[in-house]
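In what follows, every chain begins at residue 1, and chains take the letters A, B, ... in the order their sequences are listed. What you see is a predicted model; the values in this text were computed from it and never measured.
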Amino acid sequence: MSDASNYPENAPRPDSARPDPPRYTPAEIEPRWQEKWAANPALYRAEPAGTAKPKYYVLEMLPYPSGQLHMGHVRNYSIGDALARYMWMQGYNVLHPMGWDAFGLPAENAALKNNTPPREWTLKNIVAMKRQMQRLGLAYDWANEVTTCLPDYYRWNQWFFLRMYERGLVYRKQSKVNWCNLCATVLANEQVVDGCCWRHEDTLVEQRNLEQWFYRITAYADELLEGLDKLEGWPEKVRTMQRNWIGRSEGTEVDFTLAGDASEKIRVFTTRVDTIFGATSVQLAPEHALVAKLSANNPALKAEVEGLLEQQKQAREAGDIGAIEKHGVPTGAFAVNPYSGEQVPIWVANYILADYGTGAIMSVPGHDERDFEFATKYGLEIRRVIAQADPAAEEPALPFCNEDGVLVNSGEFDGLSCTAAEKKLQEIAAAGSFGEAKVTFRLKDWGVSRQRYWGTPIPMINCPVDGLVPVPDEQLPVLLPEQIAITQQGGSPLSRVPEFLNTTCPRCGGAATRETDTMDTFVDSSWYFYRYTDAKNDKAPFDPAVAQYWFPIDQYIGGVEHAILHLIYSRFFTKMMRDLGLITNAEPATRLFTQGMVIKDGAKMSKSKGNVVSPDDMVTRYGADSTRMYALFAAPPDRDLDWQEDGVAGISRFLARVWRLVTRFAQVARTAEPGGTVGPVAEGLLRKLHQTIAKMTQDFGGRWHFNTSIAAIMELVNELTAAEASLGSGEVPASVVRELLTSLTLLLAPFAPFLSAELWAELGETSEILRAPWPVSNPELARENEIEIPVQVNGKLRSVVKVHAEADRATIEAAALADGKVQEWLGGKAPLKTIIVPGKLVNLVVK
RNA sequence: GCCCGGAUGGCGAAAUCGGCAGACGCAGCGGACUUAAAAUCCGCAGGCCGCAAGGCCGUGGGGGUUCAAGUCCCCCUCCGGGCACCA
């Protein structure tokens with residue numbers, strides 16, 4: 001493991017004539033501790049439930065094992081590791097696990113390219129990345145490592161699938177799906193970004209019709225939405241994104257009937273049923289069932305509808321449906337308004353979506369922006385049916401979309417408020433069986449089928465006699481065959497593996513075939529953090545009692561890019577698992593932290609831009625401690641971080657100063673006798689120390705602005721270095737030197753684990769610093785005696801006076817007025833107004 | 001279009017409750033040590049004027065509140081992110 005020759009900047013110079021003074025050599029220190037820690041994995045192991053310590057579950061999002069950590073990972077894990085180490089030092093029973101999101105397409109692509117089986121490629125990458133993590137000194141409990149591509153994990157994906165199937169939370173249907181040609185598979189709605197594949201930003205997603213498996217996430221739509229209000233430990237941004245994604249909308253469904261055929265109903269969804277007397281047309285999505293009927297004997301109409309559909313499809317694929325130019329065609333048919341009996345024309349329009357609401361709307365141009373635009377374009381009637389509640393007010397121009405008006409031109413409903421009218425119209429519709437109040441969601445069920453090889457096989461069997469038959473639990477796991485030829489052919493690769501495909505029906509024993517699609521890999525990451533609590537369990541996904549102890553996660557840390565994908569699926573799984581009786585918590589994590597991106601030269605690091613900084617390279621040159629600490633120092637963790645290598649060098653210099661300081665006086669500290677006279681220098685240093693402890697403790701508990709925590713340690717070290725002469729001379733008693741140096745080392749421990757472990761031993765400590773108690777700030781020692789108070793004249797800083805920290809107003813005022821510079825600026829005049837903020841400032845106002 | 005962030009020295013940033021703007025670090029400049037360099041240490045360092053003492057200006061722009069505004073209020077610009085015919 002030791003590779004000192006790779007650290008050129010710190011390597012001893014063989015050509016030196018004089019012996020060099022000892023130096024800080026991470027190249028020597030870090031591998032030594034790595035080996036020590038690797039030999040003692042129990043160090044990072046959580047204690048079982050039942051310990052007297054309070055529990056703390058800190059979790060970082062697990063990586064995809066690409067083979068290389070990137071700086072985003074380093075930042076994410078440095079934050080989590082600092083927190084975990086701090087909580088250990090605060091006496092908590094900490095669970096800090098790590099694992100691998102190991103299924104997924106890159107393994108198949110690599111297999112094609114290098115002729116390496118996906119499993120082999122993936123496991124090799126895991127070994128490499130785990131080594132990188134250990135090199136960084138990340139304190140993970142590897143005893144509960146989770147690797148999602150191994151059967152002992154994915155069998156539980158299958159087990160959950162079967163439990164959900166039993167409860168009607170899994171179903172299969174033919175549906176229009178998002179298809180990425182490069183992935184050669186289906187994508188979930190959440191995986192389509194701007195009309196393109198989330199993995200291939202330049203590849204447009206196509207719409208295809210396929211038979212797919214779905215998870216009924218919509219069964220939890222309301223709970224997923226309501227739960228967000230209680231997730232106060234989650235960033236508001238993430239909660240807003242999820243709210244938008246769920247897209248709950250309260251409204252009314254109403255049946256119009258086809259003029260001339262009252263049995264043909266056209267159900268529309270509207271959030272403004274109060275405006276229904278202003279409906280001057282009904283608009284259908286091009287794929288609406290009635291459109292096919294109306295155009296069956298009308299080739300011209302059919303062709304025009306085809307055109308509209310094509311426009312819609314293109315706009316959707318371009319991800320720019322908002323910019324589509326509205327087009328429509330009249331069908332020639334009419335619909336009957338159930339409230340007024342009025343007949344309005346039925347149109348087909350390209351801006352009506354078949355998969356939202358009922359795929360049909362009533363068009364109210366007077367009170368809806370879009371309908372207004374459309375009606376204006378095609379000369380349809382625009383009618384006012386809502387007026388200002390205040391009769392004296394001037395009537396606003398149409399379209400008037402406020403909901404605080406009253407109904408007009410609406411027959412017997414005239415004069416009702418919008419809200420009252422909505423309620424009444426809903427009641428009438430329900431009583432007449434032609435409509436009802438209805439809640440619609442934007443959230444769709446989660447399509448989990450993937451036509452890929454490297455994923456969890458879906459545990460279903462298709463029997464010519466019995467139809468779809470679930471694989472019985474005792475036959476789990478349905479193993480993924482390992483020796484298969486990866487080709488570029490489309491379709492599910494498993495369908496070309498006869499040993500896998502052909503099986504017997506569990507019900508009738510006859511010949512049958514297996515489902516050959518695999519599961520979306522987001523299934524794997526939806527519940528992995530439960531498995532961490534009991535990763536070796538081969539009877540159940542985990543022991544509910546153990547999960548009960550650890551859950552919910554106290555702090556989850558990861559990138560904001562997972563705000564709606566992983567984080568909504570995880571919440572869904574948690575609710576589903578709760579309903580299975582496995583857990584009692586309704587949400588996976590109490591607190592969520594989303595760290596900013598790591599950028600370089602103002603741009604996201606990417607191979608194509610050639611601005612990628614390799615963590616290994618940084619560690620080789622500056623050491624893991626410097627790399628980690630820079631990741632925390634360069635910016636607050638929630639903001640984007642611009643990686644500047646000079647900054648890493650700066651941290652490295654700082655750590656070298658700490659190393660020199662502590663090693664220089666370690667002997668004094670080690671042999672210190674208690675007591676000694678604390679003079680002004682020692683008092684000053686102790687004050688700074690205890691102020692620093694207070695600040696850091698506050699930072700860990702609250703804002704997590706580790707950049708300022710580290711700056712505070714630097715200030716402390718600056719003061720200690722400036723007082724070096726006093727540390728050695730005995731002016732500062734050895735007992736105080738000891739307190740200063742041990743506390744400094746402890747404060748550094750969450751950020752620079754290698755150096756602090758080294759210095760801890762250097763100071764004669766034999767315990768593990770990870771379990772040493774976090775220092776406690778003594779307010780008596782931290783208090784300032786004398787402070788400087790700025791004095792302003794007319795709001796401008798003119799002088800500074802020194803007063804006792806607790807000086808009262810009168811004392812401060814007297815000191816300010818006695819100051820020579822202040823007197824000059826007052827010019828002999830008495831202040832008209834005197835503002836004194838004790839401990840803060842004085843402002844004297846003169847004319 | 002709507003909803004969130006953000007804009008502070010040459011650069012990354014700090015100012016946590018309206019109270020000394022620029023802590024801490026990077027880069028830079030000057031000095032010490034050295035034959036020389038590296039490393040290290042000491043010092044300077046927002047802009048403008050000034051030999052200096054000192055003064056004036058300064059937190060994206062414009063207005064306002066206040067004894068006092070980076071911080072609060074109103075309007076605007078730019079950058080980043082999310083959502084967007086969702087009826």
Separation of B:A15 C1' from A:Leu797 CG (nearest whole Å): 16 Å

Which of these nucleotides, [options], is closest to any side-chain atom of [X]?
X: A:Met714; options: B:C86, B:A7, B:G25; value: B:G25
X: A:His705; options: B:C85, B:U16, B:A14; value: B:A14
X: A:Pro790; options: B:C41, B:A87, B:C20; value: B:C20
X: A:Ile361; options: B:C86, B:C20, B:A87; value: B:A87
X: A:Ile835; options: B:C67, B:A87, B:C83; value: B:C67
X: A:Asn843; options: B:A68, B:C86, B:A7; value: B:A68
X: A:Phe633; options: B:C26, B:G25, B:A13; value: B:G25
X: A:Asn350; options: B:C86, B:C85, B:G19; value: B:C85
X: A:Pro636; options: B:A14, B:A27, B:A87; value: B:A14
X: A:Val845; options: B:C67, B:A23, B:A87; value: B:C67

Considering only the [atom1] atoms, how many Å lie between [N] and [M], rounded to the nearest integer?
N: B:U59; M: B:G70; atom1: C1'; result: 5 Å
N: B:C26; M: B:A13; atom1: C1'; result: 10 Å
N: B:G81; M: B:G31; atom1: P; result: 47 Å
N: B:G50; M: B:G6; atom1: P; result: 40 Å
N: B:U77; M: B:G62; atom1: P; result: 15 Å
N: B:G30; M: B:G12; atom1: C1'; result: 24 Å

Could you label the plane-to-plane angle of the A:Phe269 and A:Tyr356 rings as parallel, tilted or perpendicular, counting under 30° as parallel and over 60° as perpendicular? perpendicular

Looking across every strand, which nucleic acid part, if any, lies under 4.0 Å from [X] by heavy atom: base, sugar-phosphate, or nothing?
X: A:Ile352; value: base
X: A:Trp643; value: nothing
X: A:Gly650; value: sugar-phosphate
X: A:Asn718; value: sugar-phosphate
X: A:Glu373; value: nothing

Counting only side-chain nitrogens and oxygens, does [X] get under 4.0 Å of the OP1 or OP2 atom of [N]?
X: A:Trp704; N: B:U16; answer: no
X: A:Arg798; N: B:G55; answer: yes
X: A:Asn707; N: B:A14; answer: yes
X: A:Arg703; N: B:A15; answer: yes
X: A:Arg653; N: B:C24; answer: no
X: A:Thr440; N: B:C86; answer: no
X: A:Arg657; N: B:C41; answer: yes
X: A:Lys326; N: B:C85; answer: no
X: A:Lys796; N: B:C57; answer: yes

A:Glu381/A:Arg383 salt bridge by N-O under 4.0 Å criterion: yes

A:Glu724 and A:Arg660 ion-paired at < 4.0 Å: no

Are A:Asp646 and A:Tyr630 linked by a side-chain donor-acceptor pair shorter than 3.5 Å? no

For this output row, return yes or no: ring centroids of A:Tyr339 and A:Phe256 closer than 6.0 angstrom. no

A:Phe633 ring center within less than 6.0 Å of A:Phe751 ring center: no

N/O donor-acceptor pair, side chain A:Asn244 with base B:C83, under 3.5 angstrom: no

RNA chain B nearest-nucleotide lookup for A:His327 and A:Leu841: closer to the 5′ end is A:Leu841

Considering residues, nucleotides and ligands other than A:Lys377, do more than 12 of their heavy atoms fall under 6.0 Å from its NZ? yes

